[in-house]
Structures are given as C-alpha cells and as structure tokens.
Amino acid sequence: MVAAFAAAVEDGRLPPFPPEPPVTYEVTRPGSPGHGDYATNAALKMAGKMGRPPRDIAAVLAAAIGSGDDLISKVDVAGPGFVNIWLAPGYVESAADSIRAAGLDYGRAPLAQSQRINVEFVSANPTGPLTVGNARGAFVGDLLCRVLEAVGHQVTREYYFNDSGAQVEKLGLTVQALKRGQPVPDDGYHGDYVGPLAESVPADVWQKAESEPDRTGWILGEWASEQIRAGIEQSLANLGVRFDMWKSESSLHTDGHVARAIDKLRASGDVYEQDGALWFRSTAFGDDKDRVVIRSNGEPTYFASDIGYVSEKFGRGFDELIYVWGADHHGTVARLKNAAQALGLNRDATNVLLIAWVHFVRDGVEVSMSKRTGEFVTLDELLAEVGVDAARWFFASRAPTTGIDFDIELAKKESSENPVYYVQYAHARISSILRKAAAEGLKAADSLAGGLADDPVALGLAKDLLRLPDIVRDAAEEQETQSITAFATELATTFHAFYRDRRVVDASDPATSAYRLALVDSTRLTLAAALALLGISAPDSM
RNA sequence: GCGCCCGUAGCUCAAUGGAUAGAGCGUCUGACUUCGGAUCAGAAGGUUGCGGGUUCGAGUCCUGCCGGGCGCGCCA
C-alpha cells in the first residue's frame, strides 16, 4: 500500500499530502467473499486530506497495485471507495504447502522483537481448594501465556500466594479443633476439605503445635496450607495449566525485597509518616488518595508486599509484567502502577488484565462461593462435569473483560452440542479420511501447485487456512482469544462444506485425490494448531 | 455520593471506526443407499437500553439519562 501511494504520487496521479498528522488506514480481511481476500479503506481515509473523491483515489490506487501477477489476480474498487484485492491461486497454493512443512507450529507468528514477560495469575490463597470462581482466571491467564508464546515472547508463569496472613492461622486453628473433636471456630473454615486434613496431620507437626500453644495456629496452618497448595497445583495440572514459579508472600519479606523497596521510597520522598503509619504518596501520581504501607502497629499491609514484589519481579529482568486480577481488584491498579513509577520502574510495562466476574448458576439458581462457609463448587467438580476441553473453549471464546453467565447444568446438557466438539469432529473426520486413503493406497500430493486454480471450492478452503497467523498475532496484541475459537469454528464449517461438495478419496482419479488429500491434511493441521494454541485436544477419532 | 466495567436475536456470547450487526443453543422445515449424521441446506428471530453529538461512515468514539455489576479499609 505504501509503495502504491508513493508510486501514484510520484507520477502525478495523486497530489502529495501533508505527512502530519499521519493518516492511519487498515488492510483487512473482509467478511463477505464478494469483497476480495483483502480490502483497504486507505482511499476513504485519504480523501479528506487530498481533497479528492474517495473513489477517484481508490481507482488510482487499484491501478498502482496492479494485478495479473504471481501474487494478485484481481483488484477492484467498491462501495464508497474500498479497494478489494484477490490473491492469485498460485500464491495460495504455495502458501498452503508451507502449512504442511510447518506442521503443528503453523500459526505461530514471531514478532520482530521477543520480550521477557512475567504473567502472574490465579494466585488464590491456599486456604482451600480452587473453586469455579478461580476457573476464569486460570484459563484466561494460561491462554494469554499461550498466545504470547505463539508470537515469540519468553513467558514466565507465576503463582503468588499468601502464606503468612491471618487466614492461615485461622485455618490452623480449624485443623486443631477438628483433630480434637471440637466444633469449628466461628471464624474458622467450614468446608468439607478440612476434615481429611485434620486426620492426616503428621505426629511431629502435631507435637510441635501442641508444645507451642502461642503458635499452634501458625504451625498447623503452615502445614495445612502447603498441603492445600500442593492440591491446587494438581488441580491446575489437570486443567493443563502449569506454573514456572510459586512465589510466597513471606519470602518477599524474609528476602528483604519489601524493606529495600520502602527504603527507596523513603529516599525519594514518596512516603511519609502520619498518625503513626507510613503512607505512600499515591496522589502525587494521580490516585484519589494516599495508601498505607505500614500500619501504626508496625505491621506491613498487603500493598507493602506488592511494592516489594513489583521491584523483585523487574529485578529478575522482565520487560513486562502482566497481573491477571479479578475485576473486583480494579481499585488497586492505580496504586500498583504508581508505586512502580515511584520506584523508577517502567510504569507502562506494569500492566493488569482485569478479568470480569463469572456469574455461576445451576439451573438458574446462583451458586454462592465462600471458602469460609464451605459453600462452593470446586474447580475439580466443575471439570468432572463439563470436561477440560469444553471448559477451555467456553472461556477462550469470550472476551475476558465482560461479565458472563455460566450455568453448570446447562453446560452439562449442552456439552454434546458444544462448538468445541464441532471443531474436534472436523479434525477426526479428516483423520478418518486420511486413514481410508492410506488403506486404498492413495497418497497426498507433495505440492498443491496447479491443483487449486480450477476449483473454487478447494481454493476457498485453502484461503481460509492462510488466515491463522494473522489471527494469532491479533490475539496476542489484543490479549484475547475469541478470534481463534471463531476462526476454528469457521474453518470447520468451510471444511464440512468442502466435504459435502468434493469427494476426497477416489481410487478412480488418483491425481485429483492427491491434491485433495494434501489440502485436507493442511486443514487438519490448521485445526490441530489452532486447538493446540488453546490447550485443547485434537482427537483422531471420537 | 465518587470511580471503574457492562447493556447486541428467546438464552449464552461475537463483531482492529467500515460494506447486508454474526455464531452456538433453542424453535420450525428439509437432505445421503460409497470418504464418519457429533454432518449438511434453509426459515423465523434485531429501532445494538434511550436521547443528543463527532464524521464520508458509529454496536464501537464524546455527552446526558435509564438499568445492572464491582470498587471506594491502617482487610486480603
């Protein structure tokens, strides 16, 4: 496009235009096939600046782009001034050939510069098993890591947990009460999972707890929370979610990160004493109030840990930090970024992805979620009911920033109609076709060259396959994955239509079969690659 | 009260400021005697909460209402 503009201005068909402010235009894939394989609104954007009707500019651009070569077969001006471009079959054929060469790596689209990115997600406190309330954060965080990796970034997956708070002591006291056969304290944990923990306390831990009455809750709580943390790690592994780093809040204090960060803020004058507490001057960076870092009783706040943590993270050499937080934490985003800035860290590289609330219901009735009262549905239970692939698809296909409803009964009932199975079925069907072809001694062509030009149906399918890398790049940029699930669904539809209209395995016509086998194999790989990006299986049979 | 997010088909959700607002589910009507019917073809279903504004063009941006969610602690 840039070259086309330059050429048109160069030979006087278009007037020169002022470079400032720069005009932004897009090259997109139009939804309707009648609008070409690519379309640009450049002429519409330039019209005002150049003082010429958009269609005139579009006509000049179309001529400058040219057609009839190896890359472009046709260029058109349409509507108010869009320029529509059709790809040449020869180009489509060679591009589709490259899919089989790439295999399951197809769709990965490395950017020019790779960054080291820390993604912290889930980070639920280990005082109880993960609930369905943690599901979205777990899946969305994992999906984010996957698309970032797909564009070449180096991602560290991190789980941050509080192992020193008051809830840990309460957990320990609950364990103690249950083991002694006493009622659970009012402010203790009432979930069913605590009982088995109480029964399995090792003798040495119990002895130690009993011998130090002042620290009984802490000692038992520390032990219990580690058991629960291990259980959480297992639950996440069952979701296909793994972490590179489990970071405890207490380590930030014992390793001095919190103290050093606060000292730094003292030196720069960004904290001050008032009412016996230490305050961070967050208002100096646009927050609506200052924030307490150390309470008047000398205890640091949670925010103090955050300050030490952001500093510790950047200290490990990351180019960007992404915190995946529940939307209910939105009020704390500003102070985090402000603290990063005050510490001389990269404020703009300290980012928070807010995950909107999931309203879990069962048959239309809200499912309440409280670890303390013990009324909740665990992530493990959800998974047993709807399956990992269906759950992954559900969250991958919705924007993280909008609130969604999740009816567990409905999800179970509809699971056989879930779009994820539609896509997986297309994959299994192709696998079956390939098996049948092999049994009949038919082989796929090494190259599609010359095999698609005469068949619009096959050409249309091939063009669909070529969209994946762009979609992956956009997904990484937008930090969303709905476009990938939408693409996989559309591709499955296109394939099913192809299957209806074109016989692939035909022993009486091995030449045509060879092209079609190559094409459907590329389709299979594209579907598998898209599903793999989402952490979803691509079965050869169902 | 102040701040952030949201409001799209009966339901659940899509739609980098672009062309006729799309999928799935649900509802209704059809389709194979050979490659997998977990499929395919089609229909019905919309004043994108309401009103202004910006522009060639607004579901999308600005603004005022209405409705919903979440925050606003020396809790985490």
Side-chain angles (χ1 to χ4, degrees), chain A residues 24-32 34-35 39-41 43-45 47-48 53-54 78-82 84 125 127 162 165-167 249 274-279 288-289 291-303 305-306 326-334 354 356-357 359 364 394 397-399 401-407 410-411 413-414 416-426 428-437 439-440 442 474 477-478 480 482-483 485-486 489-490 492-493 495-497 499-507 513 516-517 520 541-542:
Chain A
T24 59
Y25 58 88
E26 291 89 39
V27 178
T28 57
R29 308 237 186 199
S32 160
H35 297 145
T40 180
N41 59 359
L44 290 160
K45 295 289 185 192
F82 292 103
N84 297 331
N125 287 340
T127 53
N162 182 339
Q167 332 89 304
E249 183 183 2
Q274 186 178 310
D275 303 329
L278 187 71
W279 297 71
D288 51 5
K289 57 183 75 166
R291 308 292 173 175
V292 173
V293 177
I294 296 178
R295 304 185 185 98
S296 50
N297 68 4
E299 290 293 316
T301 62
Y302 185 81
F303 177 49
S305 302
D306 272 348
D328 53 338
H329 285 66
H330 71 80
T332 62
V333 174
L354 291 174
W357 201 248
H359 186 235
F394 181 89
S397 59
R398 286 151 172 81
T401 50
T402 57
I404 53 178
D405 288 357
F406 193 113
D407 190 316
L410 209 57
K413 278 182 208 150
E414 290 178 354
S416 62
E417 305 296 334
N418 192 303
V420 71
Y421 297 117
Y422 178 78
V423 175
Q424 289 181 323
Y425 179 71
R429 194 179 224 182
I430 296 172
S431 299
S432 172
I433 291 172
L434 295 174
R435 282 193 296 269
K436 183 172 175 66
E440 297 192 11
L442 292 168
D474 285 350
E477 190 178 331
E478 300 294 323
E480 295 181 343
Q482 318 87 285
S483 54
T485 56
T489 306
E490 288 163 18
T493 298
F495 164 71
H496 284 308
Y499 174 84
R500 182 194 64 227
D501 294 333
R502 295 290 184 272
R503 184 167 184 88
V504 178
V505 179
D506 183 357
S513 290
R516 291 181 180 166
L517 283 168
V520 298
S541 65
M542 298 174 66

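Because the structure is predicted, anything quoted here is derived from the model rather than measured. Letters A, B, ... mirror the listed sequences (proteins, then strands); counts begin at 1.
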Whole Å only: how far is the [atom1] atom of [X] from the [atom2] atom of [N]?
| X | N | atom1 | atom2 | value |
| --- | --- | --- | --- | --- |
| A:Y421 | B:C25 | OH | P | 14 Å |
| A:D407 | B:G26 | CG | C1' | 14 Å |
| A:H35 | B:A19 | NE2 | P | 9 Å |
| A:H496 | B:G37 | NE2 | P | 10 Å |
| A:F82 | B:C56 | CZ | P | 14 Å |
| A:I433 | B:U39 | CD1 | P | 15 Å |
| A:Y422 | B:C25 | OH | C1' | 14 Å |
| A:L44 | B:G57 | CG | P | 11 Å |

Between [N] and [M], how far apart are the two [atom1] atoms, rounded to whole Å?
| N | M | atom1 | answer |
| --- | --- | --- | --- |
| B:G30 | B:U34 | C1' | 23 Å |
| B:A31 | B:G7 | C1' | 40 Å |
| B:U20 | B:C13 | P | 28 Å |
| B:C25 | B:C65 | C1' | 35 Å |
| B:G10 | B:C6 | P | 23 Å |
| B:G17 | B:C5 | P | 16 Å |
| B:G71 | B:G52 | C1' | 30 Å |

Nearest-nucleotide 5' precedence on RNA chain B, A:A327 against A:A39: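 Of the two residues, A:A39 wins.
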
Nearest nucleotide by nearest heavy atom, which residue falls closer to the 5' end of RNA chain B, A:G331 or A:A497?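 Nearest-nucleotide comparison on RNA chain B picks A:A497.
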
What nucleic acid atoms does [X] come within less than 4.0 Å of, heavy atoms only: base, sugar-phosphate, or nothing?
| X | value |
| --- | --- |
| A:R502 | base |
| A:N84 | base |
| A:P54 | nothing |
| A:S541 | base |

Side-chain heavy atoms of A:N162 within contact of A:Q167, under 4.5 Å: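 Yes, side chains in contact.
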
A:R516 and A:D506: CA distance, side-chain angles, deciding distance, side-chain contact (heavy atoms from CB on, under 4.5 Å) verdict: CA-CA 10 Å; A:R516 291 181 180 166; A:D506 183 357; over 6 Å; no

Using only modelled atom types and a 3.5 angstrom limit, is any donor from either the side chain of A:N41 or the base of B:G18 paired with an acceptor on the other?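 Pair found.
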
I'd like to know if A:H330 reaches the base of B:C70 with its side chain, counting only an N/O donor and acceptor under 3.5 Å.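 Under the 3.5 Å cut-off, the side chain and the base do form a donor-acceptor pair.
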
To check you understand the geometry: which heavy-atom pair defines the closest contact between [X] and [Y], and what is its length?
| X | Y | value |
| --- | --- | --- |
| A:A428 | A:S541 | CB-CA, 3.9 Å |
| A:V504 | A:I433 | CG1-CG2, 3.8 Å |
| A:R503 | A:V505 | NE-O, 2.8 Å |
| A:Y302 | A:E249 | CD1-OE2, 4.2 Å |
| A:S296 | A:D275 | CB-O, 3.7 Å |

Pairs: protein N or O with nucleotides 74-76 of chain B N or O, under 3.5 Å:
from, atom 1, to, atom 2, distance (Å)
B:C74, O3', A:R295, NE, 3.2
B:C74, O2, A:S296, N, 3.0
B:C74, O2, A:S296, OG, 3.0
B:C74, N3, A:S296, OG, 3.1
B:C74, N4, A:D275, O, 3.0
B:C75, OP2, A:R295, NE, 2.8
B:C75, O3', A:R295, NH2, 3.2
B:A76, OP1, A:R295, NH2, 2.4
B:A76, OP2, A:R295, NH2, 2.9
B:A76, OP2, A:Y302, N, 3.4
B:A76, O3', A:N162, ND2, 2.3
B:A76, O2', A:N125, ND2, 3.2

Once side-chain contact (heavy atoms from CB on, under 4.5 Å) is applied, do any residues pair with [X], and if so which ones, sequence neighbours excluded?
| X | answer |
| --- | --- |
| A:Y422 | A:T489, A:A492, A:T493, A:H496 |
| A:S431 | A:H427, A:R435, A:R524, A:D540 |
| A:A166 | none |

Out of [options], which nucleotide sits closest to the side chain of [X]?
| X | options | value |
| --- | --- | --- |
| A:S432 | B:G36, B:C35, B:G24 | B:G36 |
| A:R500 | B:C35, B:C40, B:A19 | B:C40 |
| A:A428 | B:G36, B:G18, B:A19 | B:G36 |

A:Y499 six-ring face occupied by A:R429 cation (under 6.0 Å, within 45°):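 Output yes; distance and angle both within limits.
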
Stems involving RNA chain B, each a run of at least 3 consecutive Watson-Crick or G-U pairs under 3.5 Å: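 RNA chain B stems, ordered by first number: B:1-7 with B:66-72, B:10-13 with B:22-25, B:27-31 with B:39-43, B:49-53 with B:61-65.
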
Between the protein and nucleotides 13-15 of chain B, list every N/O to N/O distance that falls short of 3.5 Å.
from, atom 1, to, atom 2, distance (Å)
B:C13, OP1, A:D405, N, 2.1
B:A14, OP1, A:A399, N, 2.6
B:A14, OP1, A:T402, OG1, 3.1
B:A15, OP1, A:Q482, NE2, 3.1

